[in-house]
Amino acid sequence: MGPASSPLVAPLVMETPPQTWTQRTSAALTALAARPLALFLALLALNALVRPYTGFTHDAMLYAGQALNRAEGLLQDDLYFRYGSQDEFSLFSPIAAPLIQVFGLDLAFFLLFLVSKTVLVFGMFRLIRALTADVAIASLSLLLLVMEPLPYGGMGVFVVNETFLTPRLASSGSALLGLASVLERRFFVAGLLFAAGALLHPIMAAMGIGVALVWALWTYLPTRWSIVLTSAGSAAVVALLLTPSLSWRWFGQMDEAWLSTVELSGPILFPGRWTWMNWFGIAIQVSLLAGALCVQFRHERARANLLLAVLVVVIGGVFATWAATQNGYTLLVQAQPYRALWILAVLQLPLAVWLGWWAYRNELPWLALAVWAAPFWSCHHLEILFFAFFAAAILGLRLLAQGPRRSNWVWHSVLVSLILTKVGWSFFRIILWFHMGDGLLNHYSGLDLWPALLNTFIPLPLIFLVLGLLRQFGVDWARPAAVYVLLGVFLFGHSAAFVAPRFEAYRDNFQRDAVDVAFARDFLKQAGFEWRPASVYWSTYHIDAIWLGLRAHSYFNTYQLAGAAFHRETALEGKRRALVVAPFELHRFHAQRDFMLDVYTDTVQGLFADAMDGVKPGLRDLERLCREDGVDFAILPMEIPGRYAASNGRVYIYDCRRVRAALQGSAAWAAATAIED
């Protein structure tokens with residue numbers, strides 16, 4: 001039986017003019033899907049509006065530092081680079097460095113982002129259409145995908161649909177394109193795509209390669225042999241991972257000091273530290289995958305085998321990560337096999353759409369309702385209260401109403417209750433955001449707020465708006481004007497976000513570090529730090545303020561410990577420095593604790609060996625920091641009277657050379673290194 005006859009992916013064939021809302025919407029989606037270029041550009045345009053470019057935020061700060069160091073060589077002695085970094089395992093920086101030298105850092109990263117995001121969306125476009133015969137269902141799935149961040153793993157740290165530049169974007173897109181090529185039996189093309197992804201980000205690409213290999217096993221061997229080999233291979237891997245003495249020979253061993261520092265600096269790598277909400281979300285994703293697999297396996301084996309391969313790789317990846325972090329298997333901790341979850345995150349929404357439509361067509365409305373609601377349900381206790389209120393109100397009104405009722409009125413009432421719950425819960429979260437005021441602005445910077453705000457407003461209402469517009473306005477997608485408009489929206493959405501920070505008014509009001517960076521940069525220039533990078537400790541979350549804004553080394557920043565898993569020296573030296581700056585870091589984290597998960601509160605306390613009591617640091621803490629060799633300046637948000645060299649009223653710059661001179665009792669040195677105010 002061919003794919004078109006599968007009940008999961010059967011096309012919506014309309015022999016009569018569409019009459020119902022569902023039929024009209026399906027016809028509009030089908031018309032759009034009939035023009036692949038228009039659909040692809042529509043996805044890019046929608047993504048640019050909902051998730052525009054946010055510049056140097058999140059891990060873009062690290063990759064910008066790596067590329068800048070490759071281009072200019074100014075950060076070699078920084079803690080993140082001193083003992084080696086992730087830059088050793090990727091061609092991203094060698095590709096970005098020449099572009100930086102030609103276009104400058106900001107423009108080079110923006111251009112690379114446009115290319116990378118296009119590759120990612122194209123990968124989604126190709127794979128979802130290859131998996132689905134119903135073009136209307138595929139189009140609806142894609143519209144949802146490009147609006148969602150698609151988080152994976154624990155604690156919501158990593159998302160597939162990033163709004164900033166990392167090599168993960170292009171590598172994930174290449175892997176998705178490779179899987180689509182595998183389904184089409186174009187194995188040479190798939191190999192090239194997987195290789196390209198691996199050169200950019202080996203971890204992300206490796207998960208796609210693993211899925212392709214398992215797919216090949218189940219596709220080209222008899223089922224009996226596939227079951228035997230998969231079972232035997234899984235048993236052997238489990239036995240190996242549960243036998244530390246053998247695994248240490250294969251993967252290496254992290255000692256306790258190294259492993260504990262990695263856990264404190266990166267709890268996301270440790271499945272045992274993930275919250276129950278993380279596991280609940282993963283359980284929903286696996287359930288959707290298993291349900292789709294059961295339905296699909298009877299009708300289209302090639303597509304079902306791909307879903308089975310994803311399931312095998314995901315379960316194996318999470319288990320391998322758990323075993324590695326429990327026993328300190330060096331290579332597996334570094335490889336982070338749990339990241340196979342990113343493929344599951346991409347498939348979650350399409351699986352929900354497919355399964356829900358299949359259940360609805362087969363007169364299983366309650367199953368359809370559960371499947372459609374699952375990806376959007378957070379299980380927050382307040383959201384449950386919202387649902388209870390709306391469900392009770394709507395069901396009560398229906399019971400009191402006069403006149404005939406639909407036979408499935410309860411199902412429709414619950415569906416409306418779910419929709420109202422998502423809308424009401426989203427508005428409640430937005431109101432809560434604005435109530436946080438300055439605390440919110442301290443946590444987010446500039447355009448970070450826009451995608452975060454829209455992510456708070458769950459895209460369920462947005463998809464209804466998009467579908468309504470498609471249904472209401474019959475656009476001729478074959479016209480060149482439609483293509484040009486969509487391309488213009490894509491470029492304008494991201495370009496506006498790129499240009500906005502270039503305006504002084506924007507920097508002064510929406511980038512809280514911008515004024516301080518300019519002030520500190522002028523100070524360092526007057527201090528004569530143009531011939532070598534200064535070594536600066538700045539009590540800030542944004543390491544890009546130091547690396548990119550000041551072109552200086554950072555003495556310590558929690559972001560530098562992203563390299564702790566790759567080099568033992570980075571982990572141990574980072575932990576030592578963390579204890580030196582603990583009072584300043586704890587003071588900063590205390591102001592942000594309303595935005596932190598409990599697991600992060602615990603790790604911060606463990607990393608800095610203290611309680612987050614918010615005690616203001618003092619002179620002794622500054623003197624301890626300035627005793628460290630090579631620390632030139634400290635930029636702090638608090639005043640220590642009589643010790644700071646300059647201030648703009650927001651930050652205070654302390655010349656550690658003068659502090660050391662005072663501690664050593666060398667008046668001559670203090671006078672020689674004093675800076676005229």
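- Side-chain atoms of Q560 come within 3.5 Å of backbone atoms of S554 as a donor-acceptor pair (strictly under, hydrogens ignored).
- For D106, the side chain to side chain contact (heavy atoms under 4.5 Å, CB included) partners are F56, F498, R502, not counting sequence neighbours.
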**Step-by-step salt bridge (charged side-chain N to carboxylate O under 4.0 Å, His left out) determination, R576 to E628** = CA-CA 11 Å; R576 187 192 71 81; E628 291 287 295; 2.7 Å; yes
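- Within 6.0 Å of CD in Q101 there are more than 12 heavy atoms belonging to other residues, nucleotides or ligands.
- In this structure, the side chain of S90 does not engage the main chain of H201 through any donor-acceptor pair within 3.5 Å.
- For Y338 and W274, the ring centers sit closer than 6.0 Å to each other.
- Other residues, nucleotides and ligands contribute more than 12 heavy atoms inside 6.0 Å of the CH2 atom of W279.
- In this structure A323 satisfies the side chain to side chain contact (heavy atoms under 4.5 Å, CB included) test together with L241, Y329, sequence neighbours excluded.
- Evaluation of the salt bridge (Lys or Arg N to Asp or Glu O under 4.0 Å) test over residues 84-94, restricted to residues two or more places apart or in two chains, returns R70-D87.
- Counting heavy atoms from C-beta on, the side chains of R643 and Y652 never come closer than 4.5 Å.
- Q86 places a side-chain N or O within 3.5 Å of a backbone atom of A562 that can act as its donor or acceptor partner.
- The minimum heavy-atom distance linking G563 with Y80 is given by the pair N-CE1, 4.0 Å.
- No donor-acceptor pair closer than 3.5 Å links the side chain of S171 to the backbone N or O of P167.
- No close placement of the W547 and Y559 rings is indicated, their centers lying 6.0 Å or farther apart.
- Ring pair F92/Y63 is perpendicular by interplanar angle, where above 60° counts as perpendicular and below 30° as parallel.
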**Prompt:** Could you go step by step and tell me if N161 and E148 meet the side-chain hydrogen bond (donor to acceptor under 3.5 Å, both in side chains) rule?
**Reply:** CA-CA 7 Å; N161 195 4; E148 282 282 357; over 6 Å; no
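- For the salt bridge (Lys or Arg N to Asp or Glu O under 4.0 Å) condition, no pair includes a residue of residues 327-340, sequence neighbours left out.
- In this structure the side chain of L242 reaches within 4.5 angstrom of the side chain of F319, judged on heavy atoms.
- Side chain of T540 to main chain of H542: a donor-acceptor pair is present (N/O by atom type, distance under 3.5 Å, no hydrogens or angles).
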**Request:** Run the numbers on L341 and I282 for side-chain contact (heavy atoms from CB on, under 4.5 Å), then give the verdict.
**Result:** CA-CA 8 Å; L341 288 166; I282 293 171; 3.9 Å; yes
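- Between the side chain of R82 and the backbone N or O of T570 there is no donor-acceptor pair closer than 3.5 Å.
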**Message:** side-chain contact (heavy atoms from CB on, under 4.5 Å), that's the test. Do L625 and Y555 meet it? Break it down for me.
**Reply:** CA-CA 10 Å; L625 170 63; Y555 171 75; 3.8 Å; yes
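- D621 places a side-chain N or O within 3.5 Å of a backbone atom of G618 that can act as its donor or acceptor partner.
- A salt bridge is defined here as a Lys NZ or Arg NE, NH1 or NH2 lying under 4.0 Å from an Asp or Glu carboxylate O, and R620 with E623 fails to meet this definition.
- At most 12 non-hydrogen atoms from other residues, nucleotides or ligands lie less than 6.0 angstrom from CZ of R249.
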**Request:** In sequence, state the C-alpha distance, the side-chain angles, and the governing distance for F270 and Q326, and then conclude on side-chain contact (heavy atoms from CB on, under 4.5 Å).
**Result:** CA-CA 8 Å; F270 291 71; Q326 288 291 111; over 6 Å; no
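- Between the side chain of T275 and the backbone N or O of N278, at least one donor-acceptor pair lies under 3.5 Å.
- The two residues S172 and L120 have their closest heavy-atom pair at CB-CD1, 4.0 Å.
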**Request:** Give the intermediate values and the outcome of side-chain contact (heavy atoms from CB on, under 4.5 Å) for residues L246 and F251.
**Result:** CA-CA 9 Å; L246 291 177; F251 307 117; over 6 Å; no
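- A salt bridge is defined here as a Lys NZ or Arg NE, NH1 or NH2 lying under 4.0 Å from an Asp or Glu carboxylate O, and D516 with R650 meets this definition.
- A distance-only check finds no donor-acceptor pair linking the side chain of T57 to the backbone of T54 [under 3.5 Å].
- Here the options are F110, Y53, F113, F109, the test is ring pair (Phe, Tyr, Trp, His ring centres under 6.0 Å), and the partner is H494; only F113 passes.
- Listed by chain and residue number, Y83, H567 satisfy the side chain to side chain contact (heavy atoms under 4.5 Å, CB included) test with E569 (two or more places apart in sequence, or in another chain).
- Looking at residues two or more places apart in sequence or on another chain, you find a side chain to side chain contact (heavy atoms under 4.5 Å, CB included) between E72 and L68, L74, R551.
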**Message:** If you apply the rule side-chain hydrogen bond (donor to acceptor under 3.5 Å, both in side chains), what do you find for E162 with T166, and how did you get there?
**Reply:** CA-CA 8 Å; E162 294 172 326; T166 73; 2.7 Å; yes
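- Between the side chain of K575 and the backbone N or O of L607 there is at least one donor-acceptor pair closer than 3.5 Å.
- In this structure, F633 has its ring center at least 6.0 angstrom away from the ring center of Y654.
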